Amino acid sequence: MANHLATETSPYLLQHAHNPVQWYPWGDEALARARSENRPILLSIGYAACHWCHVMERESFEDETTAALMNEHFVSIKVDREERPDIDAIYMQATQAMTGHGGWPMTVFLTPAGEPFYAGTYFPPEDRHGMPSFQRVLQGVADAWAHRQDSVTKTTGSMRDLYAAGTERTRPTGALDEDLLSRAMSSLVQRYEPRFGGFDGAPKFPPTMSLDFLLRQWARTGEAQALEMVTHTFRQMARGGIYDQVGGGFARYSVDAYWLVPHFEKMLYDNALLVRLGANLWQATRDAEARRVTEETIGWLAREMTSPRGGFYSSLDADSEGHEGRYYVWDAGELATLLGEDAVLVKAYWGVTAGGNFEGRSILFVPRDPAEVAAEQGVTEPELRTAIERATRILYDAREKRVRPARDEKILAGWNGLMLRGVAEAARAFGTPELRAMAIRNGEFLFRELVRDDRVLRSYKDGVAKIAGFLEDYAAVALGAVALYQLTFDVKWLERARRLADAIMTRFWDEKAQAFFDTADDAEALVTRPRDVTDNAVPSGSSLAVELLLLLGVLYAEGDYTHRATYVLETIVEPMARYPTAFGHALGAADLAIRGAVEVAIAGDPGDGAFGALAREVASRYVPSLVLAGGEGKPATGIALLAGRGGVEPVAYLCRSYTCDVPTDDPQVLGWQLDALRPAR
């Protein structure tokens with residue numbers, strides 16, 4: 001018999017719809033029942049691709065005895081953290097405060113008013129490794145609620161104090177200047193792990209936003225070490241098991257320090273950030289491997305993660321057939337059978353051995369430089385690459401016959417905005433018509449299905465769009481629209497971005513706190529209004545909004561945008577300098593605020609071949625904090641960079657703070673002007 005989750009659209013919630021637990025989705029019905037019966041709430045938060053969420057469901061939520069305890073003592077609410085990042089953020093803060101760590105599945109016990117008083121993550125079905133069994137936890141919490149209300153009251157009081165600190169008025173913490181960027185750079189150098197790339201030890205997550213900042217640092221200052229850190233880390237990830245060598249796309253993280261054994265789930269947002277970084281890295285270095293991996297990742301996106309209407313799905317599970325990674329691993333015998341005379345060469349390239357490297361089988365990775373493998377095997381590097389491409393096609397077709405990991409087919413506005421930006425920038429860098437069409441199609445989908453009267457909705461599935469959007473949704477979709485404008489020079493995308501920026505200024509800014517909050521001013525009232533300025537798995541809503549406002553502030557010469565964005569950065573100067581890995585995206589925005597935009601205006605008809613040649617010259621280079629405008633400069637557009645510019649033939653203007661070099665209609669001259677911005681190396 002189904003519970004109250006049966007009518008939901010979230011795949012994660014639907015996975016639990018037939019548990020014997022009487023789950024409710026978060027909403028008025030469940031909260032009203034908790035209040036009327038004075039029952040504590042058992043809040044369980046997870047997501048569809050979460051391996052340990054599946055484990056806890058099998059062990060506990062499908063168990064009749066455990067379910068009976070939950071149903072007797074609690075109102076049980078299940079939340080998809082990807083649909084409700086606000087609820088997740090609020091109660092993750094409490095979980096980390098109570099336990100010193102966080103993660104999913106997250107299990108939090110609340111008063112009927114929604115105040116947390118006990119929390120944890122995964123609980124096993126029996127006492128194990130110092131962890132109490134879930135049944136023991138349930139009985140203990142129920143007893144505390146019935147007989148030890150004083151301890152409950154004490155904990156909820158401390159949580160109120162914790163939440164109150166997050167809504168206090170912000171203050172500047174330091175000067176927004178070169179010293180901030182220098183200190184952040186020094187900290188990243190100290191934490192860098194030079195052998196395998198990345199920062200610190202295991203587990204290792206792709207540090208994409210920090211790498212983006214380092215790439216900017218190299219382009220602005222000429223620091224060779226910054227570029228080496230980016231290039232080496234990207235290459236090590238791309239050659240590791242964290243990258244799907246057969247199908248493209250990156251897994252969520254590596255459980256080891258050398259990128260070999262991934263946690264096999266694939267998330268849209270990770271790949272969105274890595275696609276953009278890969279395209280930018282290719283612009284900076286012309287590294288063929290960076291381009292190949294970026295294009296393969298977009299190929300995975302197109303094949304496996306794009307809906308018929310153009311939206312991008314959320315994730316692929318780590319598990320299939322009840323085992324983590326089964327879909328992705330191989331044994332040596334399989335490769336010999338499938339690949340024939342190529343098998344020896346391919347196994348040497350991908351590090352395949354008889355004993356394997358993961359539970360007796362092999363995760364494909366590239367443990368040695370391809371040139372070394374080619375020399376050892378007596379082939380040229382092009383011959384090796386041809387053999388690998390041939391093997392990849394064969395293995396992909398063979399893998400398609402396996403049971404595929406489940407796919408979470410909800411389409412999230414913020415994550416789509418991040419990937420839209422990545423694909424649009426890759427299309428501009430690589431000049432690929434197919435990528436251009438893919439980006440436009442996704443943009444049209446978002447503004448058709450998830451943006452209504454300048455209000456963004458969070459989630460779309462099966463024709464249903466729901467849940468009021470969060471700050472990250474507004475800002476990421478708007479930044480995707482800006483990227484589409486810079487790809488197409490169709491001003492409608494810029495106008496759409498500006499309307500969302502105005503909505504952010506109106507609905508998410510709080511005058512009393514002098515800060516952006518993650519929920520709109522008319523959103524559902526929760527135990528607190530969440531505000532998280534750190535860049536975690538995805539950039540924070542605040543840092544996305546700051547970058548958007550800085551870019552539009554230059555394009556439209558809009559001082560209010562620039563002033564507000566700059567103030568927000570000033571409030572996190574000291575944290576950015578001390579903890580740069582937690583503020584990678586914000587540091588990129590700080591680079592724009594401190595060092596200024598590189599402004600390029602191309603006046604003329606975007607359909608003109610000469611206009612296209614100038615645009616391609618800009619697209620061929622990595623230009624940090626680029627603000628690009630193009631078109632005929634009609635006053636109605638309000639684009640400051642194009643005001644008063646134009647003529648019979650397309651002309652390009654390279655400017656800093658609206659002070660421009662000599663305009664040119666020659667792509668080569670424009671290229672020289674752009675190159676002159678780079679510091680001597």
Side-chain angles (χ1 to χ4, degrees), residues 188 191-215 218 225-285 287-301 315-316 318 325 328-329 349-351 357-358 362-370 373 388 392 418-419 422 425-426 535-539 580-581 584-585:
L188 290 173
R191 296 182 61 181
Y192 181 63
E193 196 276 281
R195 185 176 180 190
F196 298 108
F199 303 95
D200 303 323
K204 270 189 176 174
F205 292 79
T208 317
M209 290 172 271
S210 295
L211 298 180
D212 173 81
F213 167 68
L214 289 170
L215 193 60
W218 164 77
Q225 186 178 14
L227 181 62
E228 169 60 23
M229 291 162 71
V230 179
T231 304
H232 181 61
T233 302
F234 190 90
R235 183 179 295 125
Q236 290 296 116
M237 291 191 298
R239 294 181 181 182
I242 192 174
Y243 180 68
D244 182 355
Q245 303 292 331
V246 169
F250 290 82
R252 179 74 193 92
Y253 64 88
S254 168
V255 301
D256 50 57
Y258 36 93
W259 310 110
L260 173 59
V261 179
H263 191 32
F264 288 89
E265 66 196 30
K266 287 185 185 178
M267 312 300 295
L268 181 69
Y269 56 78
D270 290 311
N271 287 282
L273 298 172
L274 285 158
V275 160
R276 182 167 179 252
L277 177 66
N280 290 164
L281 184 58
W282 179 82
Q283 288 174 313
T285 64
D287 183 81
E289 187 172 8
R291 176 165 180 166
R292 173 179 61 80
V293 168
T294 301
E295 290 179 328
E296 288 174 357
T297 300
I298 298 173
W300 162 76
L301 174 73
S315 65
L316 295 179
Y328 297 101
V329 297
Y349 176 81
W350 273 327
N357 55 31
F358 180 74
S362 286
I363 299 167
L364 303 185
F365 74 123
V366 184
R368 294 185 291 162
D369 189 90
V373 176
I388 295 303
T392 298
L418 294 175
M419 183 59 89
E425 291 200 18
D535 298 314
N536 296 302
V538 296
T581 56
H585 191 86

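Quick caveat, the model's predicted, so the values are computed rather than measured. Side chains included, hydrogens not; waters and symmetry mates left out as well; all remaining heavy atoms used.
Partners of Arg239 according to the salt bridge (Lys or Arg N to Asp or Glu O under 4.0 Å) rule, which considers only residues two or more places apart in sequence or in another chain, are Glu289, Asp369. Asp212 meets the side-chain contact (heavy atoms from CB on, under 4.5 Å) test with Arg216, Arg276, Asn280; sequence neighbours excluded. Applying the side-chain contact (heavy atoms from CB on, under 4.5 Å) criterion to Ser362, with sequence neighbours excluded, gives Val352, Asn357. Checked against side-chain contact (heavy atoms from CB on, under 4.5 Å), Asp244 has the following partners two or more places apart in sequence or in another chain: Val246, Lys266, Tyr328, Arg399. For Tyr253, the side-chain contact (heavy atoms from CB on, under 4.5 Å) partners at least two apart in sequence or on another chain are Pro203, Phe205, Val255, His263.
Smallest separation of non-hydrogen atoms from Ala537 and Met209: O-CE, 4.1 Å. The minimum heavy-atom distance between Ala426 and Ile298, with the atom names listed, is CB-CD1, 3.7 Å. Residue Tyr243 comes nearest to Thr297 through the heavy atom pair CE1-OG1, 3.6 Å, listed as atom of the first residue, atom of the second, then distance. Smallest separation of non-hydrogen atoms from Pro207 and Gly198: CG-CA, 4.2 Å. Scanning both residues, Thr233 and Gly197, for their nearest heavy atoms gives OG1-CA, 3.4 Å. Nearest heavy-atom pair, Gly241 versus Ile363, reported as atom, atom and distance to 0.1 Å: CA-CG2, 3.6 Å.
For residues 246-257, the set of pairs meeting the salt bridge (Lys or Arg N to Asp or Glu O under 4.0 Å) definition, not counting sequence neighbours, comprises Arg252-Asp270.
The environment of OH in Tyr192 is crowded: more than 12 heavy-atom neighbours from other residues, nucleotides or ligands sit within 6.0 Å.
For the side chain to side chain donor-acceptor pair (under 3.5 Å) with Glu193, the qualifying choice from Gln236, Lys204, His232 is Lys204, the only one to do so.
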